[in-house]
Amino acid sequence: AKIMNKLGLSWTMHQEGFDASNIGFIDGDTDLQERLTRNIIDTAIKIGAHTVILPECGHAYGAARWEAARWYGHQLPVRIIHMTEFLAEVIGRGDLKVKPIGETGTFHDPCQMVRRGGLEAAPRIVMKALGIDLHELKDTGNLGFCCGGGGGVVSNQRATPLRYKVFEMKMRQVDDTGAKRFITSCGQCRITLDMGAKHFNWDKRPESLLEMVADNLAD
């Protein structure tokens with residue numbers, strides 16, 4: 001809200017089209033997923049919106065950004081983009097000014113955004129504008145390790161030991177960069193990584209790129 005108001009845009013979180021998850025895919029119910037995704041787009045059309053901005057949710061990105069077109073069978077009547085894409089665009093155009101943080105940071109590339117969606121450059125455009133001295137992980141971009149909770153595994157308690165093993169690899173890579181801040185652009189990844197950080201009493205917590213922008217808007 002802080003960012004949208006700063007840009008002076010007309011926006012809403014409409015009660016009829018708020019569920020952007022991929023719960024239908026996870027449950028193997030594509031009919032449910034089609035109803036959920038169509039509801040978002042149909043609501044946008046109904047209220048006269050031109051763009052649907054997806055939140056920091058990798059699952060929503062996959063379900064709405066890339067799967068919706070097959071259900072409509074033609075070009076979508078609204079534009080659907082991830083919040084990271086949106087931030088890169090408005091910051092790149094100079095419409096949104098941010099204050100430089102001037103600290104070192106490293107970035108976890110969410111699988112849904114990068115491997116599936118190609119959003120490798122967008123978060124780096126935003127971090128550059130924030131003055132983040134980016135120290136890349138050893139494995140980054142399309143080769144980056146999963147957070148350990150992808151595909152809904154974060155909710156599977158039987159997978160907890162495996163998640164922690166994956167997190168240990170990520171934790172070592174982050175520490176090896178020497179960066180002060182650990183940033184990502186997926187809420188699901190952040191939940192998984194935060195669980196790992198608490199389990200190992202790690203001194204770093206994954207930070208939201210979106211929140212970082214909102215906290216550093218220029219006057």
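Because only heavy atoms are used, hydrogens play no part in the values below, and waters and symmetry mates are left out as well, while side chains stay in. All residue numbers refer to positions in the sequence shown, counting from 1.
Ring-plane geometry between F200 and F167 is classed as parallel, the angle between the planes falling under 30 degrees on a 0 to 90 degree scale with a further cut at 60. Taking the six-membered ring where tryptophan is involved, the planes of H199 and Y164 are essentially parallel, since the angle between them stays under 30° and well short of 60°.
Side chains of T12 and H14: no donor on one and acceptor on the other come within 3.5 Å. Side chain to side chain, T192 and Q188 fail the donor-acceptor criterion of an N or O pair below 3.5 Å. There is a side-chain donor-acceptor pair under 3.5 Å between D109 and T140. The closest side-chain donor-acceptor pair between D139 and Q173 falls under 3.5 angstrom.
Separating the CE atom in M169 from the NZ atom in K138 is a distance of 11.5 Å, to the nearest 0.5 Å. We find the CG-CE distance between D176 and M171 to be 11.0 Å, quoted to the nearest 0.5 Å. Summarising the geometry, atom CD1 belonging to I91 is positioned 9.5 Å from atom CZ belonging to F86; distances are rounded to the nearest 0.5 Å.
The heavy-atom pair separating L137 from F107 by the smallest distance is CD1-O, 3.5 Å. Shown here for C189 and H108, the closest heavy-atom pair between the two residues is SG-NE2, 3.3 Å. In terms of heavy-atom proximity, S185 sits nearest to H82 at O-CE1, 3.5 Å. Minimum interatomic distance between D29 and L32 (heavy atoms only, all atoms of both residues): OD1-N, 3.0 Å.
Side chain of N216 to main chain of L130: no donor-acceptor pair is present (N/O by atom type, distance under 3.5 Å, no hydrogens or angles). Panel note: side chain R205, backbone W202; a donor-acceptor pair is recorded below 3.5 Å. Judged by distance alone, with hydrogens and angles left aside, the side-chain atoms of R115 form a donor-acceptor pair with the main-chain N or O of G144 at under 3.5 Å. T104 contributes a side-chain N or O that, together with a main-chain N or O of K180, makes up a donor-acceptor pair within less than 3.5 Å.
More than 12 heavy-atom neighbours from other residues, nucleotides or ligands sit within 6.0 angstrom of NZ on K2.
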Just do the salt bridge (Lys or Arg N to Asp or Glu O under 4.0 Å) check on R124 and E136 with the steps written out, would you? CA-CA 10 Å; R124 288 162 175 81; E136 294 281 14; 2.7 Å; yes

